[in-house]
K.L.:
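Handing you a structure now.
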Amino acid sequence: VGDLILFYVFFEAILIPLFLMIGVWGSRERKVWAAYQFFLYTLFGSVFMLIAIIFVYLHTGFTDFYTLGYVSFSLNRQFMLWFLFFLGFAIKVPMFPVHIWLPEAHVEAPTAGSVLLAGVLLKLGTYGVLRFLVPLFPVASMYFAPIVFVFSLLGVCYASLATLAQVDLKKIVAYSSVAHMSFVVLGLFGFNIQAISGSIFLMLSHGLVSGGLFFLVGFIYERYKT
């Protein structure tokens, strides 16, 4: 997608089928709560991103990604826009400390919903960082990289320790996903070919491995009903 508004529309459109999948076909008693938490959390972050896109349009008169590459924003505007975009992407990834919706959504979702969440939805945030955030706001990305490193490392450590404390198989995979995606974000802000290639490779491998694990947990649930 080469247009920011079109990207935003499809970025948000994926919420509707997953909201219905969790809320209607979820497998546990807290499924409605989990569906609303997932929907409101991710929508909250995306509102800030919409504000940033409107600001870009008012400032430049267009939202075409390829044309925006030739536009230079002032430093203060770049910092503000970077933060607004990053908040939307960070919640979708999700990064620590805005990851709370993910374990709930994974646990309450049916097997197909968990596979889609792990394999597709989480990658939208990191795709947005790689495609839009870093190319459009390179100075701000370099400036805020140390802060992103800190939150990513906190996410890796916290989510790994939280994974060890779980007794629910779905929560084990969900918390480990937070740690893996923190590694992905860490690599994307490494600003060299090895780090970015590693991030993309980890995105692809996590989509396959995490989706496969949820598929196996679904088999166990169907057989033992717990």
Side-chain angles (χ1 to χ4, degrees), residues 1-19 22 35-60 62-65 68-69 71 73 76-105 116-145 147-152 154-155 159 177-178 180-189 196 199-200 203 206:
V1 176
D3 187 272
L4 287 178
I5 292 175
L6 207 57
F7 167 74
Y8 180 81
V9 168
F10 288 112
F11 189 75
E12 288 304 286
I14 198 169
L15 293 181
I16 298 163
L18 280 166
F19 173 77
I22 296 167
Y36 276 109
Q37 189 183 34
F38 155 73
F39 189 82
L40 293 173
Y41 242 92
T42 50
L43 191 67
F44 173 76
S46 300
V47 165
F48 290 103
M49 194 166 75
L50 181 61
I51 292 167
I53 292 170
I54 292 168
F55 185 86
V56 167
Y57 179 75
L58 293 174
H59 178 70
T60 61
F62 50 82
T63 54
D64 181 65
F65 171 71
L68 284 170
V71 176
F73 296 97
N76 288 335
R77 283 182 174 177
Q78 201 170 136
F79 286 169
M80 182 194 72
L81 290 169
W82 184 94
F83 178 76
L84 292 173
F85 269 98
F86 182 75
L87 198 58
F89 294 140
I91 291 174
K92 195 82 87 176
V93 168
M95 284 183 70
F96 174 86
V98 288
H99 66 286
I100 308 298
W101 64 267
L102 182 69
E104 281 287 332
L116 282 173
L117 270 169
V120 180
L121 187 79
L122 305 191
K123 311 304 176 293
L124 287 178
T126 47
Y127 168 79
V129 170
L130 185 62
R131 179 77 190 278
F132 296 103
L133 195 69
V134 175
L136 289 179
F137 315 114
V139 178
S141 296
M142 294 285 283
Y143 182 82
F144 288 115
I147 298 169
V148 176
F149 289 156
V150 169
F151 279 104
S152 295
L154 283 171
S177 293
V178 176
H180 288 140
M181 297 311 291
S182 296
F183 268 119
V184 171
V185 176
L186 201 62
L188 291 177
F189 283 87
I196 293 169
S199 286
I200 294 168
M203 271 192 260
H206 176 266

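Note that the numbering runs from 1 along the sequence shown for the chain.
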K.L.:
Could you check whether any side-chain N or O of Trp101 sits under 3.5 Å from a backbone N or O of Ile91, counting only pairs where one atom can act as donor and the other as acceptor?
P.N.:
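It does hold such a pair.
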K.L.:
With a 6.0 Å cut-off on the ring centroids, do Phe144 and Phe79 count as close?
P.N.:
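So the answer is yes for these two rings.
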K.L.:
Working note: His206 + Phe183, criterion side-chain contact (heavy atoms from CB on, under 4.5 Å); need CA distance, chi angles, decisive distance, verdict.
P.N.:
CA-CA 11 Å; His206 176 266; Phe183 268 119; over 6 Å; no
K.L.:
Atom CG of Leu124 and atom CD of Glu12: how far apart are they, to the nearest 0.5 Å?
P.N.:
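If I round to the nearest 0.5 Å, the distance is 10.0 Å.
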K.L.:
Would you say that more than 12 heavy atoms from the other residues, nucleotides or ligands in this model lie under 6.0 Å from the CZ of Phe83, or not?
P.N.:
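No, the 6.0 Å shell around CZ holds no more than 12 heavy atoms from other groups.
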K.L.:
Measure the shortest side-chain to side-chain distance between Leu117 and Leu18 over non-hydrogen atoms and say whether it is less than 4.5 angstrom.
P.N.:
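Yes, their side chains come closer than 4.5 Å.
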K.L.:
Determine whether Leu154 and Val150 satisfy the following criterion, side-chain contact (heavy atoms from CB on, under 4.5 Å), listing intermediate values before the conclusion.
P.N.:
CA-CA 6 Å; Leu154 283 171; Val150 169; 4.1 Å; yes
K.L.:
Can you find a pair of side-chain heavy atoms, one from Leu121 and one from Lys92, that are under 4.5 Å apart?
P.N.:
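Side-chain contact under 4.5 Å: yes.
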K.L.:
Are the side chains of Leu58 and Ile54 in touch, meaning some heavy atoms are under 4.5 Å apart?
P.N.:
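Sidechains of Ile54 and Leu58: in contact.
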K.L.:
With a 4.5 Å limit on heavy-atom distance, are the side chains of Phe151 and Ser182 in contact?
P.N.:
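A side-chain contact under 4.5 Å is absent here.
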K.L.:
Determine whether Leu136 and Leu81 make a side-chain contact, defined as any pair of heavy atoms from C-beta on separated by less than 4.5 Å.
P.N.:
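Result no, sub-4.5 Å side-chain heavy-atom pair not found.
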K.L.:
Take the angle between the ring planes of Phe44 and Phe48 and call it parallel below 30°, perpendicular above 60°, tilted in between.
P.N.:
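Rings of Phe44 and Phe48: perpendicular, as their planes differ by over 60°.
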K.L.:
Quick one: are Lys123 and Val184 in side-chain contact, heavy atoms under 4.5 Å?
P.N.:
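They are not in contact (no side-chain heavy atoms under 4.5 Å apart), so the answer is no.
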K.L.:
Got Val71 and Val56 here, is their nearest side-chain heavy-atom distance under 4.5 Å?
P.N.:
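Result no, sub-4.5 Å side-chain heavy-atom pair not found.
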K.L.:
Please determine whether the number of non-hydrogen atoms from other residues, nucleotides or ligands lying under 6.0 Å from atom CZ of Phe62 exceeds 12.
P.N.:
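Enclosed.
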K.L.:
What are the two closest non-hydrogen atoms of Thr126 and Leu188, and how far apart are they?
P.N.:
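That closest heavy-atom pairing would be O-CD1, 3.6 Å.
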K.L.:
Is there a side-chain contact between Phe7 and Arg131, using heavy atoms and a 4.5 Å cut-off?
P.N.:
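Not in contact.
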K.L.:
Sort out for me which residue in Tyr127, Phe132, Phe89 forms a ring pair (Phe, Tyr, Trp, His ring centres under 6.0 Å) with Phe11.
P.N.:
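In the set Tyr127, Phe132, Phe89, the residue that makes a ring pair (Phe, Tyr, Trp, His ring centres under 6.0 Å) with Phe11 is Phe89.
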K.L.:
Start with the C-alpha distance between Val148 and Phe86, add both sets of side-chain angles, then the distance that settles side-chain contact (heavy atoms from CB on, under 4.5 Å), and finish with yes or no.
P.N.:
CA-CA 10 Å; Val148 176; Phe86 182 75; 4.0 Å; yes
